[in-house]
Amino acid sequence: MKIDELIQSVVLEALKKLYDFEASKESVQLQNTRKDFDGDITLVVFPFLRYSKKKPEDTAKEIGEYLQENVDEIKSYNVVKGFLNLEIDNNYWLGRIQKAWGDEIFGHQKPSEKQKTAMVEYSSPNTNKPLHLGHIRNNLLGYSLSEILKANNYHVVKTNIVNDRGIHICKSMLAWQKWGNQQTPENSGMKGDHLVGDLYVAFDKHYKAEIAELLNNGMSQKEAEDQAPSIQEARDMLRKWEAGDSEVVQLWKTMNSWVYEGFDTTYKRLGVDFDKIYYESETYLVGKDEVLRGLEEGIFYKKEDGSVWADLTDEGLDQKLLLRSDGTSVYMTQDIGTAKMRFKDFDIDKMIYVVGNEQNYHFQVLAILLDKLGYDWGKGLHHFSYGMVELPSGKMKSREGTVVDADDLMDGMVDVARKMAEELGKLDSLTQEEAEKTYEMIALGALKYFILKVDPKKNMMFNPEESIDFNGNTGPFIQYTHARIKSVLRKAAEKGLDIKENFAVSPTTISNKEKDLMKRITQFPEAVKEAGINYSPAVVANYCYELAKEFNQFYHDHPILTEQDSVVRDMRLLLSATVGKVIKSGMKLLGIEVPDRM
RNA sequence: GCCCCGGUAGCUCAGCUGGAUAGAGCAACUGCCUUCUAAGCAGUAGGUCAUGGGUUCGAAUCCCGUCCGGGGUACCA
């Protein structure tokens, strides 16, 4: 039994014996003792005063006395106001570390029979432009959340819904036909998604020019936007696509394949992947059928112009469009179809959508609509709503060219990592190839940690000039700590020293810093669990940082290999090895690799 | 207008379901490499937790108002 559970139950016992009161588990508030006080675990006694009818100090003292007598691990206690600080025997912490080192899956829950299936949708790009910083946050969160859920005994299916059809891709296709000069990724050397993205921008440029001309000729803004030849042609192309025009469909397939190749490269570099990919072109008709069924069954209604709507005023919401008057489907229609297909394809217990908070309303409505359509899982959909990434210049806007491109960003960070490492002369002993691999690892580590350490729910600021940091509370700091540990372990191996798990030390030879570090390690499973419950990779990120920081403090003033007392040396070696293992394991949950040297 | 989210040090962020004197990093200043990796460690300075009320033994945390910022809001996704 873990020490806090034990203390909790003995506290309940004490309350019964001392004050004849049956308290609830929840009323026993245990927390880690603050650094400025003596002790390891603190019991807050304020809630018990009404039963003890004594002063806080006296109540704490009585409970403290009882605990010390009945819990072997409690060495001593002290009372400060209403806080009962308990000091735990050092050997207890050492025992936990010895156990943790031997535990293959320390921090993870054992996979069990009654594993639930969670499907996590993330990434969800449009196929008309390359991935940018906003997608990066999405991808990193989705991937990390999946890893964290796996560690919490979920069977996870990572999925991606690719928005591969619609007016946006037609715009790029049209631009290619008119101004593409037969360019392909092969003959231009361009990454496919960038090539298509540039065409999209080219379309927008021409379109804008046409609008300007029409405005000059006295047309209204709205009319001009509607009448411009480019947009007319794009719409025409979309109609042809929906009609299955072979030439259009062929071009569509070709250009999408360029984009997918580009995406794959970016995904691979980011270290994310998917178990199942859905394409909107394959789900939108399913959604349309569902909407039409809803219409027949009187769940939805049709307006005079032919458009189909849902009335959500009973739910305190508005009317929601489901099919346009021309019969074409909207985003909501497609999402209904995708959801239905997923629940048909998999035995899903928990469907999680990793989508930005700007779509909170959309997912609220989606859940209600699916529920109305008779799907009992509808209300159970979970929108993992994360905040936006803001730039110093404000919000990112594709058309205004203020986006930070994902590939460019990664390239830039690798450059900085390389420069930094060269200045420090850190990787001179490595081969060129090994060094490049390490730069990549550090750059990605910096980027991923920077994004994941922030509470997902909150908007965050990213300054491309300043946010690239490798010191302090950063990924590379944690990676560096791991490399340091590995270095010590290599030297230990050279000296023929093994990591021993079973040994006893005199409790007094464990320093405060060593104990702090041991306590921190034991908190890893709680951090993983909390991250799973709250859907928050940030919990794991911040834990890893605290652990690394504490290790560095320990490392600074505790010799390991040069320690004369062999038992103390073994303990420090074990402690270091365990920290290294936990850092690696924790960072893996964030999708961050850690190097053995840097 | 209405709905949702946020406001903590100059900047970027922690602060768990209310608990002790509000924590990190960056930036600034000061020390520490003949000893296991200085991408490190130690220290100084920096705060009316937007603001006004309320709830209670106790509020950055919960409730209400105000101000500021962001997002959404019936044929974009």
Side-chain angles (χ1 to χ4, degrees), chain A residues 26 29 31 33-37 42 44 46-47 49-50 56 80-83 85 124 126 163 166-168 280 303 305-310 312 316-326 328 330-332 334-335 355-362 364 385 387-388 390 394-395 417 420-421 423-424 426 442 446 450 453-455 457-463 466-467 469-474 476-481 483-492 495 526-527 530 533-534 536 538-539 541-542 545-546 548-549 552-553 555-563 572 576 597-598:
Chain A
E26 293 71 41
Q29 290 182 50
Q31 51 193 253
T33 304
R34 292 182 54 134
K35 284 263 197 301
D36 347 295
F37 299 93
T42 294
V44 185
F46 290 110
L49 300 184
R50 37 198 297 221
V80 181
K81 292 189 275 182
F83 299 91
N85 301 319
S124 310
N126 288 353
N163 188 0
I167 192 78
H168 55 84
E280 253 177 34
K303 281 193 182 171
D305 62 6
S307 54
V308 179
W309 297 74
L312 303 175
L317 303 172
D318 296 323
Q319 318 286 321
K320 188 75 191 173
L321 176 82
L322 300 176
L323 284 177
R324 296 193 186 95
S325 48
D326 65 1
T328 57
V330 292
Y331 179 44
M332 186 62 78
Q334 291 153 183
D335 259 4
V355 180
N357 62 13
E358 63 213 340
Q359 293 186 33
N360 285 355
Y361 183 70
H362 172 82
Q364 195 187 345
S385 165
M388 297 185 309
E390 286 160 0
K395 202 187 169 187
M420 189 86 100
E423 271 171 23
L424 293 167
K426 284 283 186 180
I442 293 167
F450 185 87
K453 74 172 179 186
V454 181
D455 181 343
K457 292 196 287 287
K458 294 188 179 172
N459 289 354
M460 65 177 292
M461 175 61 70
F462 187 91
N463 184 336
E466 293 169 13
S467 296
D469 203 341
F470 296 86
N471 301 314
N473 187 356
T474 65
F477 170 89
I478 300 168
Q479 291 173 316
Y480 174 70
T481 307
R484 267 184 152 180
I485 291 170
K486 280 295 182 183
S487 175
V488 171
L489 296 180
R490 274 194 302 274
K491 296 211 157 96
K495 286 186 163 189
E526 298 159 38
E530 195 194 326
I533 292 170
N534 297 331
S536 178
V539 171
N542 287 307
Y545 172 66
E546 292 297 330
K549 194 166 64 150
N552 281 320
Q553 291 165 349
Y555 179 88
H556 186 260
D557 38 36
H558 293 72
I560 303 168
L561 299 171
T562 54
E563 168 61 39
R572 290 180 184 162
S576 304
R597 298 169 208 267
M598 71 180 269

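Every chain is numbered from 1, with letters handed out A, B, ... down the list of sequences. Predicted, not measured: the structure shown is a model, and the values here were computed from it.
Contacts of A:Ser576 classified as side chain to side chain donor-acceptor pair (under 3.5 Å), with partners at least two apart in sequence or in another chain: none. Taking the side chain to side chain contact (heavy atoms under 4.5 Å, CB included) definition, one finds that A:Leu49 meets it with A:Phe46, A:Ser52, A:Pro56, A:Thr59, sequence neighbours left out. Applying the side chain to side chain contact (heavy atoms under 4.5 Å, CB included) rule to A:Asn85 yields the partners A:Thr33, A:Phe37, A:Thr42, A:Asn78, A:Val80, A:Phe83; only residues at least two apart in sequence or on another chain are considered. Applying the side chain to side chain donor-acceptor pair (under 3.5 Å) test to A:Arg490 and every residue at least two apart in sequence or in another chain returns nothing. Listed by chain and residue number, A:Arg137, A:Met460 satisfy the side chain to side chain contact (heavy atoms under 4.5 Å, CB included) test with A:Val454 (two or more places apart in sequence, or in another chain). Here A:Phe462 pairs with A:Phe450 under the ring-ring contact (aromatic ring centres under 6.0 Å, His included) rule; sequence neighbours left out. Here A:Lys549 pairs with A:Phe477, A:Tyr545, A:Glu546, A:Gln553 under the side chain to side chain contact (heavy atoms under 4.5 Å, CB included) rule; sequence neighbours left out.
At least one side-chain heavy atom of A:Tyr331 sits less than 4.5 Å from a side-chain heavy atom of A:Gln359.
Among the heavy atoms of the strands lying under 4.0 Å from A:Thr42 is at least one base atom, whether or not backbone atoms are also near. Here A:Glu26 lies out of heavy-atom contact (under 4.0 Å) with every strand. Residue contacts shown for A:Gln319 include a base, since a base heavy atom lies under 4.0 Å away. Backbone-only contact: A:Met388 has heavy atoms under 4.0 Å from sugar-phosphate atoms and none from a base. Across all strands, A:Phe477 comes closer than 4.0 Å only to sugar-phosphate atoms, never to a base (heavy-atom distances). Residue contacts shown for A:Asp326 are absent, as no nucleic acid heavy atom lies under 4.0 Å away. Among the heavy atoms of the strands lying under 4.0 Å from A:Asn85 is at least one base atom, whether or not backbone atoms are also near. Heavy atoms of A:Gln359 sit under 4.0 angstrom from at least one base atom. Using a 4.0 Å heavy-atom criterion, one finds that A:Val454 contacts the sugar-phosphate atoms exclusively. Note on A:Tyr480: a base of the nucleic acid sits closer than 4.0 angstrom, heavy atoms only. Residue-level contact check: A:Ile442 touches the bases, meaning some heavy atom is under 4.0 Å from a base atom. Contacts of A:Lys549 with the nucleic acid, taken as non-hydrogen atoms under 4.0 Å apart, involve only primed sugar atoms and P, OP1 or OP2. Note on A:Lys458: only backbone sugar-phosphate atoms sit closer than 4.0 angstrom, heavy atoms only; bases stay farther off. Residue contacts for A:Asp455: at a heavy-atom cut-off of 4.0 Å it reaches the sugar-phosphate backbone alone, with no base atom in range.
The separation of B:rC33 from B:rA39, taken at their C1' atoms, amounts to 14 Å, rounded to a whole angstrom. A distance of about 29 Å separates the C1' atoms of B:rG72 and B:rC11, rounded to the whole Å. Nucleotides B:rA50 and B:rC5 have their C1' atoms positioned 16 Å apart, rounded to a whole Å. Comparing the P positions of B:rA22 and B:rG46 gives a spacing of 14 Å, expressed to the nearest Å. On the P atoms, B:rG7 is 11 Å away from B:rC13, given to the nearest whole Å. B:rG15 and B:rG52: their P atoms are spaced 25 Å apart (whole Å). Comparing the same atom, C1', in B:rC36 and in B:rC41 gives a spacing of 15 Å after rounding to whole Å. Comparing B:rG23 with B:rG43, their P atoms are spaced 14 Å from each other, to the whole Å.
Of the possible polar contacts, one joining the A:Asn542 side chain to the A:Ala538 backbone as a donor-acceptor pair under 3.5 Å is found. The main-chain N or O of A:Thr328 is found under 3.5 Å from a side-chain atom of A:Asp326 such that the two form a donor-acceptor pair.
B:rC11 takes the anti form, because its glycosidic angle lies more than 90° either side of 0.
One finds the CD1 atom of A:Ile560 at 8.0 Å from the CD1 atom of A:Ile485 (value rounded to the nearest 0.5 Å).
Mapped onto RNA chain B by nearest heavy atom, A:Ala421 and A:Phe37 fall at different nucleotides, with A:Phe37 at the one closer to the 5' end. Where A:Val330 and A:Pro476 each meet RNA chain B at their nearest nucleotide, the meeting point lying more 5' is that of A:Pro476.
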Seminar exercise, completed: For RNA chain B, the expected dot-bracket line (Watson-Crick or G-U under 3.5 Å, [ ] crossing, | inter-strand) is (((((((..((((.....[...)))).(((((.......))))).....(((((..]....))))))))))))....

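Between chain A and RNA chain B, the heavy-atom contact criterion of under 4.0 Å yields a 5' to 3' nucleotide range of B:rG7 to B:rA77.
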